[in-house]
Every structure is written in C-alpha cells, then in structure tokens.
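This report refers to the structure that appears directly beneath it.
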Amino acid sequence: MPIQLPKLSPALLASLPVDPKARRSLLVALFTLVLLRGRIADLPRSVLARLKNVTARHEVSQEELAQALQQVYVDEPDGSKTLLVPHKGHISKVNIKPTPASTTAENAKRFPLVPASHKPSLDKTFLRQLLAILRIAFPSWHSKEALILVSHSFFLVLRTVLSVAVARLDGRIVRDLVSADGWGFAKGIGLWFMLAIPSTYTNSMIRHMQAKLSLRMRTRLTRYTDDLYLSSAPNLRYYRVPLEGGLSDVDQYITSDIGAFCDALSGIYGNVLKPSLDLVLFTSQLSRSLGVRGTAMLFMNYYLTARILRAVTPAFGRLAAVEARLEGEYRAGMGRVGRESEEVAFYGGGLRERSILWRAYLRLIKHVNSIYKIRIAYEWTEDFVIKYLWSAAGYCLISIPVFFTRRRHVGVQAQGPKPHRGVDNEVANRTETYISSRRLLLSLADAGGRLMYAYKDLLELAGLTTRLYTLLSTLHNLPALPLPDSSLADVVALRNVDVGVPTTAPAFAVAAADHHGDDDGTASETGSQSSGKGAAGTVLVRGLSFELAPGEHLMITGSNGVGKTAVARVLAGLWAAQGGGQVSRPWGKAGVFVVPQRAYMVTGTLLDQIIYPDTYPQFVASGKTHKELMEILTAVNLAYLPAREGGWTTRKEWRDVLSGGEKQRMGMARVFYHRPKFAIMDECTSAVSSDVEGRMYEHAKSLGITLITISLRPALMRYHTQLLTIAGDGTGRWSLKRIGTAEERMDLDREIVTLENRLAEVDRWEARLKELERLLSVQEA
C-alpha cells in the first residue's frame, strides 16, 4: 500500500530546532517513523486477519492425518516433491527440489582436496574454502538467503545511524539540563522516546534476521549435502565414503558441524559489518570535535590494539577443529551403544562400554578445559585493552579540544553575537560536546571490542569451514563406480574379475600420504582423512569367471572370511571389479536385488517394511493391493503380523519389535514383492527353520527369480544348479561345478566311502574305550 507522508503544519515547522545537529536527529527519527508507520498501523489488522485464517482453517480428520503420514510426499510434474507435514491438526506442504546434476558437477570444480596436514587459519585457503561454500548457501543474488542478508544489512546500518542520533540527542538533553532550558529539555525527552521505538524494533529485527539467516543457510547446505551424500548408484557415496574416502563420523559433519558453521557465519557477519560501520561513522563524527591531533591519536589507538591482540591470540581455529572431532567420536560411541544394546547386554559389556565412553568423554573434556585455560590469559589481556586502555584513551581524546584550543571561555556570556540563538552557555556547550563524544567513544570502544572478538570468532569459523569443506570436497571428489555391461540384460556374469577390498581413491591416497609425511602432528587437528591402509588392496578371489542365465541358480560356499560376501558386493555393484575384469548384470532393483544377512528395518509402518525401498506413492502407482501383500506374508510365514501389530499403518521401531528370524523373513518378503530377475541372498535365512526356509526357496523359484545364495548349509544345494566354492587358502583359488553332474556324484561317492570306513572302525573304538575304563578303575582301586 502507498505510504502517505504526514502533513507538517507551519507551526510545527517553526518549532523545529535551528541547531543542525538537533534537526538532523529529529529528521532521522521522523524518517524512521514514516517508514514504520504503515507497518505499525497495519499490524493489528494483519494479526486479526491471520487469526481469522487460522480459526477458519479446515480441520483434517484422523484418517487424513494417517494418510499423510503414510504417503509422506507428493510427486510434482517438474520433478520436485511436496512433503506432507502434519502439524497441530493440519497438514503443511513443503516443496523440495532436488539438486540438479549440472549444479553438482559445476560445484565440484570449486572443491579440490586439501592435504590433511593443512592447518585452519585466516589465509587464502580459508577464503577460497569459504567462497566455495557460500556459492552453495547463496546460489543466486535473488534467492531468499540473499534477500534476508540485504534486510539484515539494512537493519545493521540503521542501528548505527540511530546510535549516532541517540548520542547527539543525549548531549543535547544534558546541555539543556545544565543550561536550565526547560522547553528544550522537554523536546529532547520527546525525541528520546520517538527514537526509542525504531531503536528497539531495529535491535529485535537484527537478532531475528541473524537467526533466520543462519537457519536458511543451514537448510540450503543440509539439502545440498544430503543430495550429495545419499546418492544412488553408481555413486553410493553414503556407503563408500568411510572406506574409499577415508572420512568417518559423517553424521557429526551433517548434523552438528553444518549448524555450527551457519551460526558462526551469521554471527560473524553482524559482528564485523556493524562494528566496521560504527568505526567509520563514529570516527568521522568524533573527528569534527577532536581535530587533527585527536583523530591521529585515535587511529594510533586502533593500530596498537590490533597489534597487541594479534600477538596474544591463540590458534582458535585448530582448537575448534579438534573439539568438533572429539565431539564426533563421543557421539559415535553413544550411537554405537544404542544400536548394539542387545548384543552388549547379552555379553554383559555395560562396564566395558562405559569405560570406553568415559575415556572418549575425558579426552573431550580435557581438550575443552585446555581451551578454557588458554582463554584466561587472552580474555584478561583483551578486557584490559578494550575496557580500560580504550576508556583512558577516550578521556585523553576528549580533553584535547578543552586543553589545547587557543581560546578558552569561562563563565556564561550574557548575549551571543546572534540575538535569535539566545543565551550561549559555554559550560553547557562543553558538556554537550563531552556527553556526545563520550557516548560515541563508548560505542566506539564497544565496536572495537566486537571487532577484536570477531577475530577470535573468525579463527573458530576457519576451523568449522575446514571441516565442512573437507566433507564437501570428499563427497565431490569420490569417483563414481563403473557401470556394468548392459549388453546382456538377462544375464549375470563375471569375466576374469579379481574380487578384493576397494583401495583408497588415488586423490585421497595422495592427501593421506602428505598427511603421514608431516611430522607436526596435525592429523588430530583435521581428523578428516586417513590413509585407508591395512586391508586395502587385498585380493580375495582371483580371475573369477561365470555366467548365469535365468533359471540357473548359483550357490556360493566356503569357509568364513574367504570372500563370499565380497563376491556378492561385486555382483550388486557396491564394489568395483579389480584386475581389469568385466561385470554384466541387469540394471536396477528389478534386475538384481540383494538380501543381506542382517535385515534392515526402515522407519515407518508395517507396510513400509515389505515394500522397501519403494515408498507408499510408488506402491499405490504399482496397482498392488493389501491382499497381495498378505499373500506375500503368508509365503514367508508372517501372516500373523498385521493382526498382532495393529494393522498395515502401525508405526513402531521394527528392529526392536521383530525377532531375528522375523526380520530375515521380512527380507525375503521384499524379494517376493519386487520380483527381481536375480536375487542375491547372503546368509539371509540363517535364523529361519529348515522347513520354512525350503518353502521360501521353492516359492522364489516359482516366481521366476534366479537365486544366488551365499550359505554354508548343504541342504540348500538342492535348490541350485551350480556350486561355486572358494578355497580360502590365501591364493584366491575357486572352483565352479554343476550340481547333479557325474563329477559331483563321484565326489559324493568318495565322501560316502570315507564315512563308511569310519563307521567300520566304531567297534574297535568301543573296545578300546572299555579297555581304558577298566585300566582307570584298577588304578583307582
């Protein structure tokens, strides 16, 4: 709505003060009130309108709320998703747009890896890292984050202008009080209250805009990091970062470090922009009354303060980085106990886990206490310089116009040179100058102190920036896995493949080598990358080759630790094939579906457990019904679950509700739901009885699913046509046989002969046992 300026009457114009300083203060107050007039006047009406909208909002039913919880999101035509968030009896809609692949590729150029020996400090590397992150937080000049930043800057500048006006008005009120000018004193008090309204509003908006800016940046960075981290094949960064990227405790980076970085950055902006503007404006205002000598001394004071504090400032950046790493280790330990609580309870390892967590906590507290001790000397020096040295310097600067002017006035002049200006009280004028200058100096000291504090905050920001940059650079530089050969869409084949533990990516290996070559112990400071040595590069199976067509079921067997699961990881595309070999397999979960031994239960309803990794909208789009789901549960002997747990929409912590066998059967239910061409089952029925296991295998074959089973149970051989045996003698040897062939029958015949020969010796063993018992009885007698 257009803002109408108030009409100023001639009487009001005549009552305006003639003094330029007072008039300037009054005009600033009037201008601010005019800007806020429209909003203040409309505030009650806007509040009432919002209240009416809230009261008139349609209340959704419990069925609609349950449906929103089940559906989670709605797919939009542009590829984005609208999240359905139930809140206080209503459903809020939040649109989420995924990060385009072109944006990720463009940002990857700005995130080269930094050696692990890099020390966080205020240098060119810090500026480059900060600018790279800011390009993600502020994607364009017309984004919401940029608009909030401009609004925040406006209120910071307005706060400085109002501070100058308040300082001038403070001096005028004291002048009128000393000179006993009652009318001038009353007008000053009126202006004081007029300035109080925009001043308090500005202070509140500065804090609000700072918090909102931090929240928007955190949202932007978290969404971008999640899109990058939780990437699908062939990247799978969430799976490969710890081993191939050498980055551990990623949850600490995403959940804590991003928030701490955004809080620090938004606080730094306000603590640098406003004090810097204060220094410029307050110095220009003081220079009018201090003269050339006073201004020179003022800048000398700035220089000495900066030199002293820079000399005594510790390396807060590295200290903050170490603290964040130790926080991550302690948090990871607590999460480990929560995840493995049942296993720990079975072993009775509570005391052991407590000692491990207590040791991690003591490392953290010891480091934090060392930071507190370091801050004692720094803060003592800082407070002395900022509060006392600056105050003494301020008094000396104020005294310059008084003691070093050529002309001194004492007393009160009866009449000034201009009759309309009234009585010229020299003492009152000096008092006005002193009060205004003193308030400006106090504000100047506060601005200088905040700038000095900002230097310490900048060092801590450098440490947080290094950690966040380490996360983003690791995610960007992790190479994608090679795509499988899709020329044979219905075949799973390995051709001369070496199966081994993935090695660290070359770029990360260079950074780790640089880290290990550094002797200054900075590894604990960044805590980000490691060499990845040890098992890296170990080949478990050499030259593996086989080809499976639909209906040719393969069983992989061998002793523990020989690499059976490693073969499954190569087949599923989690590990890259080594030795120059080639992998062929159908693409997607409709081609190859893997069921691990340790079943994963997703957060959600009972229905979500069966259709995982599909979502409810995908389930609805597929046209499948609850009746089909019940048939699947019947096939895995879990038909009782919906009735026992309260229906399909029941939400529980399913990893604690279901037993080990039930979770493994739920994994098989997912196979029957998705009906892939090939199913890799890695000891996924070890906790299931033999009869139920047999029925599930028969049902899978009846659905046309080709089985690739990893197991040590000989009874499962009957459901397969080929047997892959891994020797496990360290040479990487393997053998592939067709089950039911003459060769296999010869092996079985040999084993039968061996067992019969051993059974023939039973009588001799029994006779020897009786003889030993007789000898023992004689000795006891």
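Bear in mind that the values here come from a model prediction, so they are computed numbers and not experimental data.
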Under a 3.5 Å distance rule, please check whether [X] uses its side chain to pair with a backbone N or O of [Y] as donor and acceptor.
| X | Y | value |
| --- | --- | --- |
| Arg128 | Arg110 | no |
| Arg237 | Leu228 | yes |
| Ser204 | Thr200 | yes |
| Gln129 | Arg467 | no |
| Thr222 | Thr219 | no |
| Asp123 | Phe126 | yes |
| Gln578 | Gly500 | yes |
| His476 | Leu472 | yes |
| Ser214 | Ala211 | no |

Any non-hydrogen side-chain atom of [X] less than 4.5 Å from a side-chain atom of [Y]?
| X | Y | answer |
| --- | --- | --- |
| His142 | Leu147 | no |
| Arg220 | Phe138 | no |
| Thr104 | Tyr224 | yes |
| Thr465 | Leu265 | no |
| Phe261 | Ile133 | yes |
| Leu478 | Thr474 | no |
| Leu169 | Leu195 | yes |
| Tyr239 | Trp575 | yes |

What I want to check is whether the side chains of [X] and [Y] have a donor and an acceptor closer together than 3.5 Å.
| X | Y | result |
| --- | --- | --- |
| Thr225 | Tyr253 | no |
| Trp358 | Tyr330 | no |
| Glu76 | Thr82 | yes |
| Thr202 | Arg159 | no |
| Arg135 | Asn107 | no |

> Going through the distances and angles, do Leu221 and Cys262 end up as a side chain to side chain contact (heavy atoms under 4.5 Å, CB included)?
Replying inline: CA-CA 9 Å; Leu221 289 172; Cys262 295; 3.8 Å; yes

For [X] and [Y], which heavy atoms make the closest approach, and how far apart are they?
| X | Y | value |
| --- | --- | --- |
| Leu236 | Ala233 | CD2-N, 3.8 Å |
| Ser140 | Ala146 | O-CB, 3.8 Å |
| Leu464 | Ala260 | CD1-O, 3.7 Å |
| Pro112 | Ser473 | O-CB, 4.0 Å |
| Ala137 | Pro139 | O-CD, 3.5 Å |
| Ser266 | Asp263 | OG-O, 3.1 Å |

>> If you count heavy atoms of other groups shown closer than 6.0 angstrom to OH of Tyr361, is the number above 12?
In response: no

> For atom NZ of Lys81, is the number of surrounding heavy atoms from other residues, nucleotides or ligands below 6.0 Å larger than 12?
Replying inline: yes

Rounded to the nearest 0.5 Å, how far does [atom2] of [Y] lie from [atom1] of [X]?
| X | Y | atom1 | atom2 | answer |
| --- | --- | --- | --- | --- |
| Asn369 | Leu362 | CG | CG | 10.0 Å |
| Leu364 | Glu329 | CG | CD | 9.5 Å |
| Ser151 | Leu156 | OG | CG | 11.0 Å |
| Leu162 | Ser199 | CG | OG | 4.5 Å |
| Glu323 | Ser370 | CD | OG | 9.0 Å |
| Arg331 | Leu357 | CZ | CG | 14.0 Å |

> Picking from Tyr201, Phe154, Phe155, what satisfies side chain to side chain contact (heavy atoms under 4.5 Å, CB included) with Ile206?
Replying inline: Phe155

> How far apart are the C-alpha atoms of Val114 and Thr470, what are their side-chain angles, what is the distance that settles it, and do they pass the side chain to side chain contact (heavy atoms under 4.5 Å, CB included) test?
Replying inline: CA-CA 8 Å; Val114 175; Thr470 299; over 6 Å; no

>> side chain to side chain contact (heavy atoms under 4.5 Å, CB included) for Leu471 and Asp257? Distances and angles first, verdict last.
In response: CA-CA 10 Å; Leu471 171 64; Asp257 290 346; over 6 Å; no

>> Walk me through whether Leu481 and Arg240 qualify under side chain to side chain contact (heavy atoms under 4.5 Å, CB included).
In response: CA-CA 10 Å; Leu481 291 168; Arg240 299 166 56 223; 3.7 Å; yes

